[in-house]
Amino acid sequence: MSPSLNALFCLGLCLGQGLQAQIGPLPKPSLQALPSALVPLETPVTIRCRGPPGVDLYRLEKLKPRDYKDEDVLYISAMKRHNAGEYRCSYQNGSLWSPASELLELVATGVYEKPTLSVKPRLVVSPGEDVTLQCQSRYGFDQYALYKKGDAGPHKRPQETWYRASFPIMVTAAHSGSYQCYSFSSKSPYLWSAPSDPLELVVTGTSGTPSRLPTEAPSSATGTSGTPSRLPTEAPSSATETSKTTTIVIKNPDPTTGLIHQSYMKENLARICLGAVILMLLVGFLVEDWHSRKKSPLYRLRAVHRPLPPLPPTQKAHGRQDGS
């Protein structure tokens with residue numbers, strides 16, 4: 001096989017690998033709500049989808065009811081009940097679509113009256129003691145959520161009896177902080193009550209870094225006694241009051257930096273491979289030309305010796321012939 005054919009074969013192979021590395025499986029985008037996924041009614045929120053640089057098209061969709069828009073940002077100027085629900089996003093590069101992002105649960109708060117949060121046996125405790133935070137509502141909600149200020153997400157628990165749920169904690173220094181709870185129905189999991197008044201749990205002794213509450217897998221709610229009240233259709237006036245502390249911001253991991261780094265690495269790999277193949281092509285052409293010049297024989301034309309024509313007769317010869 002000639003050097004040029006070898007170079008062309010390497011070019012095709014390397015370009016195929018370079019394109020595969022550059023296209024490859026597209027990374028998953030990230031989706032987050034700013035400033036928080038817990039949004040009080042009538043307040044603004046921004047939903048943002050982030051992918052690698054150079055994206056051709058973003059698609060942001062709401063699952064129920066199914067709706068989408070081909071943009072990377074959804075701005076809601078005033079949160080309504082119908083805005084609550086599950087969101088996800090994806091993007092398109094060329095003819096390929098990326099995997100969908102993780103689901104974002106956008107929750108509308110302040111839909112119902114706020115519950116009350118209490119602690120047993122006391123607010124000031126020492127590390128190693130057992131305390132129970134109890135969230136209680138006037139209505140027959142079957143789901144409750146407890147937030148600690150600084151945590152990334154809620155600790156949800158079904159009701160133990162009608163109107164309330166308990167959250168037991170084995171106290172460490174890290175559990176010291178401010179707590180709030182919410183109540184909601186499993187039939188409308190994204191419509192929550194207003195937050196309870198904050199409760200400050202004081203842990204004496206050494207200070208620790210914030211940590212999440214111990215999580216437990218939710219089980220189906222079972223009522224023990226009593227008949228539940230009907231859920232309120234509208235939030236009472238007390239539910240629209242401003243809470244004494246701000247809601248906790250749910251921080252989602254931002255993999256944008258990793259996506260950019262990965263994309264740059266693939267592009268650089270494709271460029272280096274293409275440059276190497278072009279260099280191989282040039283070298284192959286030069287080697288092939290040198291070989292062709294070396295092998296081709298040099299043909300030299302030799303002069304052909306032909307006999308000269310006879311000389312013409314002289315005048316003396318003509319005179320002799322006339323005398324005879």
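If you read the sequence from its start, that first residue is 1, and numbering goes on from there.
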| query | Heavy atoms, side chains only, cut-off 4.5 Å: are M79 and L106 in contact? | reply | yes

| field | Partners passing side chain to side chain contact (heavy atoms under 4.5 Å, CB included) against T43 (at least two apart in sequence or in another chain) | value | V39, P40

| query | Any chance the rings of Y112 and F141 have centres within less than 6.0 Å? | reply | yes

| request: Can you sort out the partners of Y58 under side-chain hydrogen bond (donor to acceptor under 3.5 Å, both in side chains), two or more places apart, ordered by chain and number? | output: none

| request: Compare every heavy atom of V119 with every heavy atom of L199, then report the nearest pair and how far apart it is. | output: CD1-N, 4.0 Å

| note | Across all chains, not counting sequence neighbours, the side-chain hydrogen bond (donor to acceptor under 3.5 Å, both in side chains) partners of Q92 are none

| said: Tell me which pairs pass salt bridge (charged side-chain N to carboxylate O under 4.0 Å, His left out) where either residue lies in residues 174-193, with sequence neighbours left out. | reply: none

| remark: Joining Ile, Leu, Val, Met, Phe, Trp and Tyr whenever any side-chain heavy atoms lie under 4.5 Å apart, the cluster holding W97 also takes in L57

| field | Main-chain N/O of Y163 paired to Y144 side chain as donor or acceptor, under 3.5 Å | value | yes

| task | May I ask you to test the L31-I47 pair for a side-chain heavy-atom distance under 4.5 Å? | result | yes

| task | Sorted by first residue and then second, give each disulfide (SG to SG under 2.5 Å) pair with at least one member in residues 88-120; sequence neighbours left out. | result | C49-C89

| field | Common cluster, I278/L286, ILVMFWY with side-chain heavy-atom separation under 4.5 Å | value | no

| request: Please name the pair of heavy atoms, one in A194 and one in P115, separated by the smallest distance, quoted to 0.1 Å. | output: O-CD, 3.3 Å

| D197 side chain near K114 side chain, heavy-atom distance below 4.5 Å | yes

| task | Just jot down the ring-ring contact (aromatic ring centres under 6.0 Å, His included) partners of Y87, sequence neighbours excluded, or say none. | result | none

| remark: Shortest non-hydrogen pair, L41 vs A108, comes out as CD2-CB, 4.0 Å

| remark: When rounded to the nearest 0.5 Å, the distance separating CZ of R50 from OG of S30 is 6.5 Å

| request: Compare all side-chain heavy atoms of S126 with those of V171 and state whether any distance is below 4.5 angstrom. | output: no

| note | Heavy atoms of P29 and S101 approach each other most closely as O-CB, 3.3 Å

| task | Locate the shortest heavy-atom distance separating L201 from H175; write the atom from each residue and the value. | result | CD2-O, 3.7 Å

| request: Keeping the roles fixed (side chain from T204, backbone from V125), state whether a donor-acceptor pair exists under 3.5 Å. | output: yes

| For V124, the rest of its hydrophobic cluster, which grows through side-chain links under 4.5 angstrom | V202

| query | Are any of the side-chain nitrogens in R66 or E61 under 4.0 Å away from the carboxylate oxygens of its partner? | reply | yes

| Which atoms form the tightest heavy-atom contact between D56 and N93, and what is the distance? | N-OD1, 3.2 Å

| task | Measure the CG-CD distance between L146 and Q180 for me, rounded to the nearest 0.5 Å. | result | 9.5 Å

| Is L103 isolated, or which residues cluster with it under the ILVMFWY side-chain rule of less than 4.5 Å, directly or via members? | L63

| message | If the condition is side-chain hydrogen bond (donor to acceptor under 3.5 Å, both in side chains), which residues does K80 pass it with, not counting sequence neighbours? | response | E42

| query | If we only count heavy atoms from C-beta on, is the F184 to V107 side-chain gap below 4.5 Å? | reply | no

| Given side chains that start at C-beta, do those of S185 and Y139 come closer than 4.5 Å, heavy atoms only? | no

| task | Examine distances only and state if a side-chain atom of T109 and a backbone atom of W192 form a donor-acceptor pair shorter than 3.5 Å. | result | no

| note | Output for pair (R81 CZ, S188 OG), nearest 0.5 Å, gives 9.0 Å

| task | Could you tell me whether the side chain of T132 and the main chain of I169 form a donor-acceptor pair under 3.5 Å? | result | no

| task | Quick one: list whatever passes side-chain hydrogen bond (donor to acceptor under 3.5 Å, both in side chains) with D130, sequence neighbours left out. | result | none

| Are a donor atom and an acceptor atom from the side chains of S183 and S193 found within less than 3.5 Å of each other? | yes

| query | Regarding E86 and Y190, is there a side-chain donor-to-acceptor distance under 3.5 Å anywhere? | reply | yes

| Residue pairs passing the disulfide (SG to SG under 2.5 Å) test where at least one lies in residues 95-141, sequence neighbours excluded | C135-C181

